[in-house]
Chemist: 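Quick one: structure below, then a few questions.
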Amino acid sequence: MIRRMLAFCIFLAIAGGVTGGVWWRSLNDALARLEERGRADLALAGDRLLGQLQRYREMTVLIADHPDVLRLALDPAADPGAADRLLRRTADMTRSDELHLADQSGRILASSGRVHGADLGAAPYFHRAMQGALGFHHEIDPATGRRLFVYAAPVFSPTGPVAGVLVTRVETEAVEVIWRGEPMIVFFTDSDGIAFVSNRDELVLVRLELLPEHEGEVPSDLLRREVRQIGRHEIWDVDGGPYLPARALHLTRPLPVIEMTGEALVNIAPAERQALLQALLVAAACVVVGTALYALWERRRALAIRLATEAESNARLESRVRERTRELSEANEQLHRAQADLVRAGKLSALGQMSAGISHELNQPLTAIQSYAENAGLFLDRDQPERASENLARINDLARRMGRIIKNLRAFARQESEAMSDVDLGQVVAATLELSEARLRAAGVEVDWTPPAGPVWVRGGEVRLQQVLMNLLANAADAMQGGGAVTIRIARTAERVRLTVADTGPGIAEPDRVFDPFYSTKEVGASEGMGLGLSISYGIVQSFGGAIVGRNRPEGGAEFAIELDPARKAQAA
Ligand code: ADP
C-alpha cells in the first residue's frame, strides 16, 4: 500500500512537473510571438502619429512664409482680412483646429477663429518661435478641455528678425480617429506619464499607476495597475473596466521627436489559453500513460500473486501427495502383512485338512510294518530267512515312504521365508501328489499325471507352489465327492511354462468370482473352506510374476491354469 502511494506521488510529481514545464514554455513562446507582433504594430502606430504631425508642422512653416501673413506681421495695424481668410481656409483644408498669427508680443493679429487680441506671450512655444526655432507643445485647452498639439513657426521679416509667430493647433482626435478600434491598445504618454493620445477612450488623460489594492478610492484620472514578469516579459494587471484587458503585455517605444513615449498593451489571454490548452493536452497524455502504466503494474502484480498462489497450492498439493503416498505405502505394507498372515492361515487350514488323511496315510504303513515285522519274526523262527528278509525289505520300503511323507509335511508346515529360486515343477507336482494322495483316494478321484522326462525349471518358491497346487487338488476333490478324474499337465508356451489342473466335476459356478477372498460355495464348517484358498493362491502366483486363471472346460469340469516364468537355468539349457 505504501509502495503504491509512493509510486502515485512520484508519478504525480513527474506529471505535474512535465505539465508545468510545458505550460511555462508554451506561454513564453506565445508571449514572444505576441511581443514581436506588438513591437511591429507599436512602431507602425508611432510612425503614423509622427507622419501626421509632420504634415501640420510643414504646413505651419509654409503658412508662416505666406505673403499675406508676412504683410500683416510687418504691419500689425493693417487689415487682417486677407490673413484671416487664408488661415480659415487652411484650417478647413487641413482639419486643423485653429491657426493664429501673433505679433512679437504674443497678441493675436489674425486667426482662423474669432480670438483676435488674445495673448500668447506666456506660452513656451511662442518663446521658442520668437527665438527663430520651431516650437512644439501639447496642451489641454482650459476652456474646452480639448487636447491639442501646438506648432509655432517664426514669421521672418525680409531683413531677418522675427516679425511674428504663426501658431497651429491640432486637436488630437484628428490624428486619433484613423487608428481607433485597432485590436492592440496604443497610447502615447508625456513626461508626466499621462496618456495624451490613445486609441482607447478609457486611457485618454489617464495615468497608469502602480497602486496597491488597498489604496481605497481611485481618482478618475488614475488607473490601477500591477506589474509582474513572466520570463523576460513585462505583464501589467490593469484594473480598467471591461474594455481593457485584465492582463496585458506592456511594450514601450520612445518618441523623442514629440517628447513622448509610445506604449502598447497586448492582451495575453489568447497566449494563456493556448498555454493552458497545451498543458491540458500534456496532462491528459500523462493521465493516459499513467493509467496504462498502472494497469500494466496491476496486471504484473496480479500475475505475481497468481503465481505465488499457484506455487503455494502446488506445494500444498505436493505435501498432500507425499502424505497420501506415505499412507498408501503404509497401507500397502499392512496389506502385505495381512496377506502373509492369510497365507499362514491358509496353510494351517490346509494342514488341518490334511492331518486326517495323513494320519491315515501313516497308519496304514505302520499297520503293514507291524504285520511284516511279526511275519518276519515268524519266518525267522521257522528258519526261513529269505522270506524274513523279503518282509524286512518291504518294511524298509514302507519306512522310506513314511519318511518321505513326513519330510514333505515338515517342509510344508515350515514358516515360508524362502526367497524366489529356480524350482523343478515336476518335483513340486510329485511332492504335492504324495501329500494329497490320501484325500484324493478317499474321494474316489483318479489322478492322470505323467512326470516329465526331465526337470522343468521355473521361477518361484517350492513350498508356496506346493501350497497352490495342493489347494487346486483339494478343490478338485471337493468338487468330485462322487469320484472323477484329475488331469495334471505341464506344457511350455512361447515364453512361459504352463501347469494345468483339470477335473471332471460339475464346473465352476461363477468363474469371475472364484479368486475373490471369502468367496465360497461350500458350507462353512468342519473341513469345508473359508473362501480364501484361491485368493491366497492368486497372490502367491502373482508374487512370482506369474498368472493363474480358472475356467469351465467345454467338455465339462473345471480347469485351472498357472503360468510361470521359466528359470534362466532352463533358458540356458
Ligand atoms: P474354498 O475351497 O474354501 O471354498 P476356494 O477359494 O479354494 O475356497 O474356492 C472358492 C470357490 O471356488 C469354491 O467354493 C468353489 O465354489 C469354487 N471352486 C474352486 N475350485 C473348483 C473346482 N475345481 N470345481 C468347481 N468349483 C470350484
Side-chain angles (χ1 to χ4, degrees), residues 335 338-358 412-413 416 428-429 432-433 435-449 460-461 463-491 498-544 546-563:
L335 218 66
Q339 197 185 30
D341 289 348
L342 282 175
V343 168
R344 234 181 351 262
K347 205 149 61 178
L348 285 178
S349 115
L351 273 175
Q353 282 180 21
M354 278 189 317
S355 60
I358 286 164
F412 187 81
E416 179 69 26
V428 169
V429 175
T432 314
L433 278 177
L435 287 173
S436 306
E437 209 175 4
R439 179 139 186 218
L440 290 169
R441 208 178 319 119
V445 174
E446 278 179 29
V447 178
D448 177 2
W449 159 247
V463 177
R464 278 175 290 173
L465 271 178
Q466 276 181 33
Q467 193 181 339
V468 171
L469 192 54
M470 194 137 87
N471 193 44
L472 292 182
L473 292 175
N475 276 346
D478 285 345
M480 300 182 290
Q481 283 301 327
V486 170
T487 311
I488 304 172
R489 290 280 178 276
I490 292 178
R498 186 181 169 93
L499 170 73
T500 49
V501 178
D503 63 44
T504 55
I508 310 166
E510 290 175 279
D512 288 344
R513 297 188 56 197
V514 285
F515 295 106
D516 291 352
F518 303 108
Y519 169 75
S520 176
T521 56
K522 297 167 193 170
E523 279 175 27
V524 178
S527 68
E528 306 303 346
M530 298 161 59
L532 283 174
L534 282 180
S535 67
I536 290 169
S537 301
Y538 186 88
I540 291 173
V541 174
Q542 272 225 322
S543 74
F544 298 152
I548 177 169
V549 289
R551 66 177 186 114
N552 285 324
R553 293 195 301 162
E555 59 268 37
E559 182 189 85
F560 286 86
I562 300 169
E563 284 196 350

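Both counts, for ligands and for their atoms, begin at 1 and track the order of listing. In this chain, numbering begins with 1 at the start of the sequence shown.
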Chemist: Could you give the distance from CG (L499) to CG (L472), rounded to the nearest 0.5 Å?
Modeler: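 With rounding to 0.5 Å, CG (L499) is 8.0 Å from CG (L472).
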
Chemist: Taking the inter-plane angle between the rings of F515 and Y538 on a 0 to 90° scale, is it parallel (under 30°), tilted (30 to 60°) or perpendicular (over 60°)?
Modeler: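 Plane angle between 30° and 60°, so tilted.
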
Chemist: Heavy-atom pairs closer than 4.0 Å: do any link ligand 1 to the side chain of D503, the backbone, both, or neither?
Modeler: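 Just the side chain.
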
Chemist: For the side chain of T432 and the backbone of M470, is there at least one donor-acceptor N/O pair under 3.5 Å apart?
Modeler: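 Absent.
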
Chemist: For G507, counting its heavy atoms only, list the atoms of ligand 1 lying under 4.0 Å from any of them.
Modeler: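 Counting atoms of ligand 1 from 1, those under 4.0 Å from G507 are 25 (C), 26 (N).
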
Chemist: Taking all non-hydrogen atoms of both residues into account, name the closest pair between V468 and I562 and its distance.
Modeler: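 Taking every non-hydrogen atom into account, CG1-CD1, 3.6 Å.
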
Chemist: Out of I536, I508, L534, indicate the one that has the non-hydrogen atom closest to atom 6 (O) of ligand 1.
Modeler: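 Checking each option, the heavy atom nearest atom 6 (O) of ligand 1 is found in L534.
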
Chemist: Where does F560 meet ligand 1, judged by heavy-atom distances below 4.0 Å: at the side chain, the backbone, both, or neither?
Modeler: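 The answer is the side chain.
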
Chemist: Please determine if S535 has a nitrogen or oxygen closer than 3.5 Å to a nitrogen or oxygen of ligand 1.
Modeler: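 By distance alone, the answer is no.
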
Chemist: Taking only heavy atoms of Y519, which atoms of ligand 1 are found under 4.0 Å from at least one of them?
Modeler: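 Contacts of ligand 1 toward Y519, numbered from 1: 10 (C), 11 (C).
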
Chemist: Counting from 1, what ligand 1 atoms have a heavy atom of A558 closer than 4.0 Å?
Modeler: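 Going through ligand 1 atom by atom, the ones under 4.0 Å from A558 are 22 (C), 23 (N), 24 (N).
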
Chemist: How far does CG of N475 sit from NZ of K522, to the nearest 0.5 angstrom?
Modeler: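 NZ of K522 is found 4.0 Å from CG of N475.
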
Chemist: Please state which part of A479 comes within less than 4.0 Å of ligand 1, counting heavy atoms only: side chain, backbone, both or neither.
Modeler: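 The part of A479 near ligand 1 is the side chain, not the backbone.
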
Chemist: Does L473 reach the side chain of L433, with side-chain heavy atoms less than 4.5 Å apart?
Modeler: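 SC-SC contact between L473 and L433 confirmed.
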
Chemist: How long is the straight-line distance from CD of E510 back to CG of N552, given to the nearest 0.5 Å?
Modeler: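 The CD atom of E510 is 11.5 Å from CG of N552, to the nearest 0.5 Å.
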
Chemist: May I ask you to list the atoms of ligand 1 that are less than 4.0 angstrom from any heavy atom of K522?
Modeler: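 Going through ligand 1 atom by atom, the ones under 4.0 Å from K522 are 1 (P), 2 (O), 4 (O), 13 (C), 14 (O).
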
